[in-house]
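Here, residue 1 is the first one in the sequence, and each next residue gets the next number.
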Amino acid sequence: MPKKSVSVGVIGAGLSGILMGIQLKRAGIDDFVIYEKAGDVGGTWNCNTWPGLHCDVPSHLYAYSFEPNANWSLLYAGQPEIKAYLRGCAEKYGLFDHLRLGTCIEKARYREEDGSWALEMQDGSTANHRVVVSATGGLTEPNLPRIEGFDDFQGTWFHSAAWRHDYDLKGKRVAVVGSAASAVTVVPHVASLASKLYVFQRTPNWILPRMNAAYDDAAKDAFARDAAGALSKHRQQLYRRSLMTYRAFKKQPAAIAFLRAVGMHNMTAHIKNPELIKRLTPDYAPGCKRILVADDFYPALAKDHVELVPEGIARLSQNGAATVSGREVEVDAVIFCTGYKLGGRADGRPAVQVAGRGGVTLMQTLASRPESYRGVAFPGFPNYFTICGINGVVAYTALFASAEVETDYIVKRIRDIEQRNLRAIEIKPDVVRRYNDAIQPELQKMSWTGPCQNFYRDATGRVLSFYPGTLGRMRREFRKLTLDDYTVETAR
């Protein structure tokens, strides 16, 4: 029987969706469509545009291994440069011929009658694919705190993920709600313009110096020519440095002590007020929550017109904001740096409604025990894959690395379907259970289960965000995986 082409639908055109398209192309699979609800590619780097936005992973690690960029301008690249890199990759590999931009998928439904997936769009159109790959990521929908007064506030408020570039902050009294990953880049920008800035902090974070040096022309030239393996050596050096963070995640005392010392020095080099230092010092070890990197956050907090408010916001009033303890401050604008609604690798909840066998949705399946097979597959959902889903991300280095391992694996399974003329493949429930029963005890020994609040765990304390091992271990394990882990349906 001659093999039949397998149609693939990819949901999302961020770094994982672009990668999936490239990997399909490299494998000789040309029958695919990438659906993206935004008007351009880039995912989070297209949607998030606040001033000062930089990656917290070194630029030369934050790239596809097969598509290095010798011209990164900074050790840690900014949003425009990262978006341009991703768009350039999409163009180079001919993905725009496969893209449907401005297309929002509302539902993906498995058709048991023919083993395909039906995609239903917001505009009423539909499409069918043999295989669906979800590449929607976890940073898609801004999260606002559940407080009252949004309609009462007479000033301007917005979330950092929906930045108001038309709003002039110069001379304004501003409140920034939050002090985590987005806030450490937002606060310095706002502090340079506002007449008064209040930073509302519920919990302090460990912040390491970014030391964001520029690459000079000589370095870029050496990288471009890869003279004496300059670029690969630099990438290896950056990767080895990142392993210190992994050691902290493994609760190695020396690594924790080192990161604590670096974080405290980063703080005390700029903050001299003992009371402010006390408020900014976490009561948990580095690694329990996300470790942040910033050069200018502490200097911004040290400015006379900037005040750290060490508590959460309770409500907005007509003229400002009120804290949990009842203190009110008058401001002209409130900027929420309060993260994103959980999804993707955080807890597995899909960005679209996904209905598998028997019409059972993925949300229903994950409600009682959220788990997947290595971040890529779920029992009850044939021919459906995710990239960097539950427990599918190596924690200490760029998402690109985990995504490459998993898209390579997904392509192999798609090739199995194509070459063997299979109707459907479905990961076996016992394979999923054995895998999760093996990794959860290991994850419970990691720093993410420490005495802090984070989004890495579910309500029962199970860690869902990360893979417990190194990138090398993930690669070795994935190389050994075969179709034997799946129940196979042959074509009828």
Side-chain angles (χ1 to χ4, degrees), residues 12 15-16 19-20 133-140 242 245-246 248-251 287-290 340-351 354 356 362-363 365-381 384-410 413 426-450 454-481 485-486:
L15 72 87
S16 294
L19 174 60
M20 191 70 238
V133 180
S134 176
T136 54
L139 305 179
T140 57
S242 71
T245 307
Y246 179 66
F249 293 156
K250 294 282 285 185
K251 294 186 177 180
C288 186
K289 292 169 71 76
R290 180 176 177 178
Y340 301 81
K341 293 183 179 179
L342 292 181
R345 67 183 184 278
D347 68 353
R349 286 186 286 180
V354 180
L362 190 51
M363 286 282 283
T365 298
L366 299 177
S368 59
R369 188 180 170 101
E371 62 184 16
S372 76
Y373 185 56
R374 299 180 180 272
V376 297
F378 302 90
F381 296 83
Y384 176 82
F385 300 95
T386 57
I387 303 171
C388 295
I390 299 175
N391 295 124
V393 177
V394 170
Y396 61 91
T397 190
L399 185 70
F400 283 80
S402 303
E404 284 191 26
V405 174
E406 293 173 23
T407 52
D408 179 68
Y409 169 84
I410 293 169
R413 301 291 77 85
E426 180 181 347
I427 194 70
K428 296 174 181 176
D430 61 311
V431 170
V432 179
R433 183 55 55 87
R434 280 199 306 272
Y435 175 70
N436 283 274
D437 286 348
I439 66 168
Q440 279 301 324
E442 185 177 359
L443 286 164
Q444 292 302 311
K445 298 177 182 178
M446 307 289 278
S447 64
W448 311 308
T449 61
N454 60 44
F455 59 83
Y456 306 145
R457 295 169 289 187
D458 68 4
T460 68
R462 297 170 75 247
V463 176
L464 304 181
S465 292
F466 300 127
Y467 171 76
T470 63
L471 178 61
R473 173 180 153 189
M474 175 186 269
R475 285 172 174 158
R476 291 189 296 273
E477 290 180 354
F478 266 84
R479 286 193 196 108
K480 298 175 183 178
L481 304 180
D485 293 329
Y486 291 77

Do you know the tightest heavy-atom contact between [X] and [Y]?
X: Ser16; Y: Ala403; result: OG-CB, 4.0 Å
X: Asn454; Y: Tyr456; result: OD1-N, 3.1 Å
X: Asp437; Y: Pro441; result: O-CD, 3.1 Å
X: Pro370; Y: Asp458; result: CG-OD2, 3.6 Å
X: Pro468; Y: Arg473; result: CG-NH2, 4.1 Å
X: Met446; Y: Lys251; result: O-CE, 3.3 Å

Heavy atoms, side chains only, cut-off 4.5 Å: are [X] and [Y] in contact?
X: Tyr435; Y: Gln440; answer: no
X: Asp485; Y: Lys428; answer: no
X: Leu443; Y: Thr449; answer: no
X: Leu19; Y: Glu404; answer: yes
X: Ile410; Y: Met20; answer: yes
X: Ile387; Y: Thr136; answer: no

Look at the aromatic rings of [X] and [Y] and report parallel, tilted or perpendicular, splitting at 30° and 60°.
X: Phe378; Y: Phe381; answer: perpendicular
X: Tyr409; Y: Phe478; answer: perpendicular
X: Phe249; Y: Trp448; answer: tilted

Is a side-chain N or O of Glu406 found less than 3.5 angstrom from the main chain of Cys388, in a donor-acceptor match?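 Looks like yes, one N/O pair under 3.5 Å.
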Give every donor-acceptor pair under 3.5 Å between a side-chain atom in residues 393-402 and any protein atom, sequence neighbours left out.
from   : atom 1 : to     : atom 2 : distance (Å)
Tyr396 : OH     : Tyr239 : OH     : 2.4
Tyr396 : OH     : Leu471 : N      : 2.9
Ser402 : OG     : Val394 : N      : 2.9

For residues Tyr467 and Glu442, is any side-chain donor paired with an opposing acceptor at under 3.5 Å?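 No, no side-chain donor-acceptor contact under 3.5 Å.
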Partner set under side chain to side chain contact (heavy atoms under 4.5 Å, CB included) for Glu371, not counting sequence neighbours: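 For Glu371 the side chain to side chain contact (heavy atoms under 4.5 Å, CB included) partners, ignoring immediate neighbours, are Arg369, Val432, Arg433, Asn436, Arg462.
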Check the pair Leu481 / Tyr373 against side-chain contact (heavy atoms from CB on, under 4.5 Å), numbers first and verdict last. CA-CA 11 Å; Leu481 304 180; Tyr373 185 56; 3.3 Å; yes
Show your reasoning for whether side-chain contact (heavy atoms from CB on, under 4.5 Å) applies to Phe455 and Leu464. CA-CA 9 Å; Phe455 59 83; Leu464 304 181; over 6 Å; no
If I take atom CD1 from residue Ile439 and atom CZ from residue Phe466, how far apart are they, to the nearest 0.5 angstrom?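 Here the interatomic distance stands at 12.5 Å.
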I would like to know whether Thr470 and Arg475 meet side-chain contact (heavy atoms from CB on, under 4.5 Å); could you show each step before the answer? CA-CA 9 Å; Thr470 63; Arg475 285 172 174 158; over 6 Å; no
